[in-house]
Structure formats: structure tokens, C-alpha cells
A.B. asks: 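This is the structure I have questions about; it appears just below.
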Amino acid sequence: MSDTPVDTSDLIAVRRQKLADMRARGIDPFRANWDQTHTSKSALTQFEAEEGAFFEKNPEVKAQLETYEAADAKLSAAKQERRAKIEAGELTAEDPYELPEVPEKPEIPEGSVVSVAGRIVTFRVMGKATFVKILDRDGVVQLYVQRDALPEGVYNTDFKKLDLGDIIGVRGPLFRTKTGEITIRVQEYALVSKALRPLPEKFHGLTDSDTIYRQRHLDLITNMESRGRFITRSRIIQEIRKFLWNRDFLEVETPCLHGVAGGAAARPFQTHFNALDCDFNLRIALELHLKRMLVGGFDRVFELGRVFRNEGLSRRHNPEFTMLEVYQAYSDHRGMMELIKGMVHHLCENVLGTYQIKRADDGTVIDLSGDWREVEYSDLVKEATGDSDWFSRSKEEKLAACAKLGIEVNPELEDYEVTQDVYEKLVEVKLIQPTFVTRIPKELIPLAKLNESGDGTLDIFELAINGQEIAPAYSEQNDPDVQREMFMEQVGEETQNLDEEFLQALEHGMPPAGGMGVGIDRLVILLTEASNIRDTILFPALRPEQG
RNA sequence: GGGUCGAUAGCUCAAUCGGUAGAGCAGUGGCCUUUUAAGCCAUUGGUUCUGGGUUCGAGUCCCAGUCGGCCUACCA
């Protein structure tokens with residue numbers, strides 16, 4: 001293999017040739033391991049601490065350094081000014097000039113020796129020395145490699161043949177370069193894993209969204225913003241768990257395969273279980289099994305899980321998405337208000353470090369701190385339509401009003417659905433600041449308790465932030481007969497779509513409870529200031545590539 | 001599902017009225033021991049998404065298809 005001629009027309013062939021040459025010389029380009037003592041970040045923090053301790057013992061060196069830095073800044077400013085004048089034609093390069101004097105830079109001892117490993121993301125050869133940057137799990141660290149610091153010959157025959165994208169391990173002491181960047185002075189290095197394919201261009205990274213989604217690994221190497229967003233997503237989920245564990249909630253797992261896909265109204269994905277020779281649906285909600293946990297005496301439960309809805313793709317919809325559902329016995333929708341607000345505040349404190357979020361769309365600042373606005377559904381609809389008698393109008397009048405308001409509404413919809421359309425198209429999208437929408441009409445949700453006033457509204461809220469529904473929560477329906485009736489109205493003739501197992505469980509008695517569902521992806525969109533659900537899902541649904 | 005825009009070198013992008021497909025980065029060879037998108041010299045690299053058509057001539061115009069973005073529809 002090693003005498004295969006190099007095909008320079010193919011970047012991969014060049015790298016394969018390097019690989020073959022290494023193997024021929026008995027070097028394994030894919031090592032079993034590398035002993036790390038630090039990550040990029042912990043190495044940097046360590047040096048800062050060591051340097052700080054040194055300055056404390058030697059304050060005069062710190063003073064010298066500050067003098068040096070100030071003088072150096074003046075020097076660069078003077079050079080820049082001169083360059084600007086030459087460009088503007090006020091001076092020529094031959095004109096005599098004086099530059100401010102800069103004192104000698106004081107010596108600062110090198111830090112301790114660290115061992116790190118990561119992927120090469122920049123590689124700047126400057127003759128007999130090279131600057132390299134490697135990326136590891138928590139960031140980038142610079143390496144300084146001098147020819148004479150490596151065993152004889154290695155720099156030219158091996159080191160300079162490294163490629164962008166290769167993963168290397170290095171060992172050496174920390175120091176600060178002339179420009180102030182904390183850097184590892186490499187004494188020892190090894191190729192840990194050879195990259196046979198080139199990375200995307202370093203400055204622009206990947207921009208083709210198709211490639212970004214299909215080859216997310218490349219996006220993560222190249223695009224630090226994207227990388228950070230997925231780290232934040234993971235920390236959000238971690239902190240949600242902590243928040244609920246601390247309130248004595250039990251995390252449970254319920255099945256993804258459902259005989260009847262209940263707990264929401266959405267088209268399910270269907271599949272077939274061979275061993276039982278029967279059809280199953282992928283779950284569209286977690287609700288019904290979690291309520292059966294309440295019947296079973298698990299008074300505080302939650303599940304963080306994937307649900308699947310066989311519906312369209314959009315900026316806000318992916319067919320599989322992550323849902324949190326929480327149920328707390330002896331609580332109600334009011335209790336859920338406190339819970340969700342507490343949870344979001346916890347995330348602001350512990351993940352984001354701020355309560356102010358900038359919208360990706362228009363830069364509006366969303367303030368998540370303090371108490372959140374609470375407003376009734378009917379008031380919002382009346383306000384949006386400018387009609388205080390909206391709810392006593394006939395369907396025809398409502399449709400006519402919709403046309404005037406410039407929204408398209410399917411005339412075959414039920415009366416309450418027309419209103420709901422108005423809500424979704426005119427109201428919800430404008431609820432940018434956190435808002436609890438309460439007293440929602442009973443036709444919309446069959447699983448919640450009716451308000452005691454008997455006006456046909458439900459004891460529920462929908463939390464809207466950023467123009468999207470983030471979390472609906474109910475005082476859960478625990479009357480088995482009312483529940484059955486509500487289901488019957490929903491399914492009509494199709495009684496095979498009744499979840500009898502759930503209804504029977506309710507007949508054993510379910511404690512009064514508050515329950516809530518949180519769309520994790522939408523929450524992450526909000527908290528990471530993303531504009532598209534696909535930026536928050538590692539591998540979003542795409543049509544499989546052909547061939 | 002409908003509308004609309006797009007696909008050119010490994011990556012990011014050019015290409016005038018239909019007239020020899022270019023640049024930067026990456027790669028390759030050389031210079032360079034503190035760089036910051038390092039710099040300098042030289043240089044390789046193309047099924048212009050696929051398949052048809054019009055034309056003396058197509059990256060460019062037409063038709064069909066594939067994949068994608070955005071809008072829209074569906075969506076408790």
C-alpha cells in the first residue's frame with residue numbers, strides 16, 4: 001500500500017496515503033487511548049490560578065507586567081495610526097517616525113505540566129515552530145510545538161504531516177504567549193485518531209442546512225454556537241430532573257407502544273407487533289399511563305420522554321419530540337402554575353444565569369422573572385376581535401368577522417373551533433411575554449375538570465411564551481363517569497378508540513391532581529434563542545437520502 | 001399536500017445578453033521559532049444535483065425528477 005502513488009486530485013487519497021505510510025513505519029494511527037489529566041478548560045483555569053498565586057507572592061512582577069502591557073498597547077495603537085495615515089495618503093512608508101518605547105516583558109514561570117487530547121481545528125506552521133488549536137469536550141486550547149522540543153526528526157517527518165481534523169494527545173507545561181493566550185508548550189504528542197476526510201472550511205463553517213442536519217457531527221465540530229446550544233439543552237434537561245427530584249417527584253418510564261394512542265388528539269405512527277400479531281401505535285402523549293401511576297399511589301410522578309405525531313414538519317414541529325409530563329396528587333392547575341414558574345426560574349438561575357431572553361425573530365426581550373401575567377381565554381378573544389359579545393354571536397357572524405380580521409377559517413369547523421382558530425392565529429402568536437391563559441372552553445380538552453362556576457370552562461391554563469404554547473396544565477379529571485362522557489363526545493362512533501384500561505383504572509379512584517405537559521424542544525428554542533426546532537434537535541427528521 | 005426559492009471544487013462563494021467555469025480556505029511543493037481567519041512564492045483539484053429537450057454553442061433557456069430552505073396547509 002505504501003507505494004501507491006498519491007492521487008493529488010483526491011483529498012481523501014492524500015490522507016489515506018499518509019495513513020499507509022505511518023502503518024508501514026509501524027505507527028498505529030488509531031491508538032487505543034490517551035491519558036488525559038485535563039480538558040482544555042480545566043488546563044486554562046489551572047494556569048490562571050497558578051499565575052494568580054505567583055503574582056500574589058511577587059506583586060512587583062505584576063506591576064512590571066502591567067507597565068509592559070500598557071506600553072505595548074500604546075505601541076500597537078501608534079503602529080495602527082501610522083498605517084491608517086499611510087493608507088489615507090498623509091504619510092508615505094519612507095517618512096521617518098518614532099514609536100513609543102516598550103520595556104522588557106517580565107518573566108513569568110511556566111505552569112505545571114498537563115496532558116490533553118482533542119481534534120486539530122487550526123494548524124499554523126511557522127517554520128521551525130507551529131501553533132495548533134485543538135477542540136475537546138469543553139472548548140479549544142492552543143498548543144505551541146517547537147521542532148527542537150520533539151525527538152530529532154519527528155517534527156518534519158511526522159508532526160508536520162498532521163491534518164486538520166486529526167485527533168491528537170499532547171503533554172507539556174502551560175505558559176502565556178506574547179499576545180497573552182494561555183498555551184501548552186508541547187513536549188510530547190501522539191496521533192490518537194487519523195481523520196481521513198477533510199473538515200469544512202474554518203471561517204464560514206457549514207452553511208448548507210441539509211448538510212448541517214444530515215452530518216451533525218461536522219456542524220458540532222465547526223459551529224460553536226450550535227455546539228453550545230446542545231450543551232445547554234442537555235443541562236436544561238439535567239436541571240429539570242434535579243428540580244423535580246428535589247420536590248420529591250419520582251421519575252418513571254411508561255411504554256412507547258400503545259394499543260390506543262391516547263392523551264392527546266394527533267395522528268399516530270402505526271406499527272405491527274409480530275409476536276402478538278396485533279397493531280400498535282407509537283405514543284402521542286404520556287398522560288394516561290402517568291395517571292394510572294396516580295391511581296397506583298405514586299402521588300408525584302414525571303416522565304421525560306419522546307412522543308411521536310404523524311403530522312407535518314415545520315419550524316416548530318418535528319414528528320418526534322421530547323415531552324415532560326408531571327402529575328402531582330392533591331394539587332391542581334394553580335399548583336402547576338407555581339411549579340412551572342419555579343422550574344423556569346430554576347433554569348434561568350442554574351443554566352442561563354439570566355432571566356432575560358432575546359427572541360431570535362426580532363430581538364424583543366422576554367422577561368421571565370417575577371410573576372407572570374394571567375388572563376382568561378375569553379377576554380383575549382374579545383380583545384383580539386374587538387367584540388365584547390363575541391361568544392353570543394352565531395357561527396356565521398363569527399366567520400364573517402374572521403374574514404374582516406383577515407384570517408382564513410375553514411367554514412366547516414364547529415363553533416368553538418372557529419374561536420380557537422382566532423385564538424391561535426391572532427392571540428397566541430402575540431403572547432410574547434410569559435402568560436397563563438385560563439378558563440379554556442371544555443370542548444377543547446376532555447381530560448380536565450370543569451370550573452365550579454358551571455360556565456363550561458375548564459380549570460386549566462396554557463402557558464404561552466414567545467408566541468408559542470410551552471405548557472398546558474390541568475386540574476385533572478378524576479370522575480370516571482364524566483371522563484367517559486367527555487371521551488365519547490370526542491371519539492363519537494369510534495368506540496374502539498376508547499382507552500378502556502385507563503377508564504377502568506379511574507374507576508378504582510384517582511386522587512385529585514394537577515398535571516402538566518411541557519414541550520421540551522420549544523422550551524429549549526426559547527431558552528437558547530434559537531429560531532427553528534431543528535436547531536435544538538440533534539438529528540431532526542429528514543427524508544432518507546437516495547442511493 | 002400547495003406555493004416559492006435554491007443545489008457550481010472537500011468547504012464558503014463568483015461566473016455580464018446563452019460564448020474558454022473562477023476566487024478564498026483546505027490540499028500539494030517551498031520559505032518562515034510567539035501565530036490569532038498568520039504571511040509570502042508556486043501549484044493540484046469540476047458528472048456545474050440527475051435525466052431529457054431547444055441551440056452552432058447551455059452552469060445560464062425549457063420539461064421531468066431528486067433533495068433541501070422559507071411560506072402555507074394539517075396539527076388538543
Side-chain angles (χ1 to χ4, degrees), chain A residues 6-15 17-18 105 120-133 140 142-150 155 160-161 163-165 175-181 183 185 195-215 218-219 221-223 262-268 284-285 287 307 309-319 321 408-410 416-417 420-421 423-425 440-448 458 460 462 469 472 474 486 490 517 519 531-532 534 540 542-547:
Chain A
V6 176
D7 177 4
T8 50
S9 71
D10 189 344
L11 299 174
I12 295 171
V14 172
R15 292 185 180 219
Q17 183 60 51
K18 288 179 181 176
K105 189 182 176 192
I120 299 175
V121 289
T122 64
F123 199 81
R124 287 194 277 269
V125 181
M126 311 193 47
K128 296 177 187 67
T130 300
F131 284 95
V132 180
K133 285 191 178 173
V140 166
Q142 178 166 265
L143 316 174
Y144 182 57
V145 184
Q146 289 168 296
R147 185 191 66 183
D148 299 337
L150 297 179
Y155 183 79
K160 283 212 282 192
K161 297 221 166 70
D163 286 304
L164 286 173
F175 75 108
R176 217 180 255 282
T177 64
K178 217 195 259 177
T179 51
E181 182 162 349
T183 301
R185 186 188 299 281
L196 292 174
R197 290 174 182 272
L199 288 178
E201 191 236 18
K202 62 188 164 190
F203 188 58
H204 301 91
L206 280 179
T207 61
D208 177 38
S209 55
D210 191 32
T211 317
I212 287 176
Y213 300 140
R214 287 190 201 274
Q215 302 199 55
L218 293 181
D219 176 51
I221 293 168
T222 320
N223 185 348
R267 218 176 336 150
I284 57 173
E287 179 139 356
V307 297
R309 296 186 180 177
N310 203 342
E311 282 157 6
L313 294 158
S314 84
R315 229 161 57 117
R316 298 193 162 87
H317 299 84
N318 195 62
F321 61 101
E408 261 184 68
V409 177
N410 181 348
Y416 70 89
E417 289 175 315
Q420 175 63 7
D421 233 27
Y423 173 78
E424 279 173 11
K425 287 177 179 161
I440 290 171
K442 66 174 181 187
E443 292 82 2
L444 292 169
I445 291 144
L447 289 153
L458 295 165
I460 83 170
E462 280 183 5
E469 184 188 331
Y474 321 149
M486 302 281 266
Q490 187 189 29
S531 53
N532 192 317
R534 290 174 174 185
L542 294 174
R543 192 181 296 278
E545 275 183 305
Q546 285 195 330

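Every chain is numbered from 1, with letters handed out A, B, ... down the list of sequences.
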A.B. asks: What nucleotide, of B:U35, B:C70, B:C74, holds the atom closest to the side chain of A:Arg267?
C.D. replies: B:C74

A.B. asks: Taking atom C1' in both B:C25 and B:G39, what distance in whole Å separates the two?
C.D. replies: 14 Å

A.B. asks: Rounded off to whole Å, could you give me the CG-to-P distance for the A:Leu11 and B:U43 pair?
C.D. replies: 19 Å

A.B. asks: Using atom P in both nucleotides, what's the gap between B:U20 and B:A15 to the nearest angstrom?
C.D. replies: 15 Å

A.B. asks: Say you pick atom C1' in B:A58 and the same atom in B:U48; how far apart are they, in whole Å?
C.D. replies: 11 Å

A.B. asks: How do A:Gln142 and A:Gly205 order along RNA chain B: which one's closest nucleotide is nearer the 5' end?
C.D. replies: A:Gly205

A.B. asks: Taking the C1' atom of each, how far is B:A37 from B:U12, in whole Å?
C.D. replies: 12 Å

A.B. asks: Return the 5'-most residue of the pair A:Thr122, A:Glu408 with respect to RNA chain B, ranking by each residue's nearest nucleotide.
C.D. replies: A:Thr122

A.B. asks: Take atom C1' in B:U60 and the same atom in B:A21, then report the distance between them in whole Å.
C.D. replies: 11 Å

A.B. asks: Pairing check on B:U12: which nucleotide meets the Watson-Crick or G-U wobble criteria with it, both distances under 3.5 Å?
C.D. replies: B:A23

A.B. asks: At less than 4.0 Å, is any side-chain N or O atom of A:Thr177 found next to OP1 or OP2 of B:U35? Yes or no.
C.D. replies: no

A.B. asks: Both distances below 3.5 Å, Watson-Crick or wobble geometry, any strand: find the nucleotide opposite B:A42.
C.D. replies: B:U28

A.B. asks: Provide the distance between the two P atoms, one in B:C67 and one in B:A73, to the nearest whole Å.
C.D. replies: 24 Å

A.B. asks: Looking only at atom C1', what distance separates B:C71 and B:G52, rounded to whole Å?
C.D. replies: 31 Å

A.B. asks: Contact class for A:Leu199 (heavy atom, under 4.0 Å): base, sugar-phosphate, or nothing?
C.D. replies: nothing

A.B. asks: My understanding is that a pair needs two contacts under 3.5 Å, Watson-Crick or G-U wobble. By that rule, which nucleotide pairs with B:G68?
C.D. replies: B:C5

A.B. asks: Name the nucleic acid region contacted by A:Ala264, choosing base, sugar-phosphate or nothing; use a 4.0 angstrom heavy-atom cut-off, strictly under.
C.D. replies: base

A.B. asks: Check this for me: does the side-chain of A:His204 come within 3.5 Å of the base of B:C11 through a donor and an acceptor?
C.D. replies: no

A.B. asks: Which part of the nucleic acid, if any, lies within reach of A:Asp148 when heavy atoms closer than 4.0 Å are counted: base, sugar-phosphate only, or nothing?
C.D. replies: base

A.B. asks: Quantified in whole Å, what is the P atom distance between nucleotide B:C62 and nucleotide B:G6?
C.D. replies: 11 Å

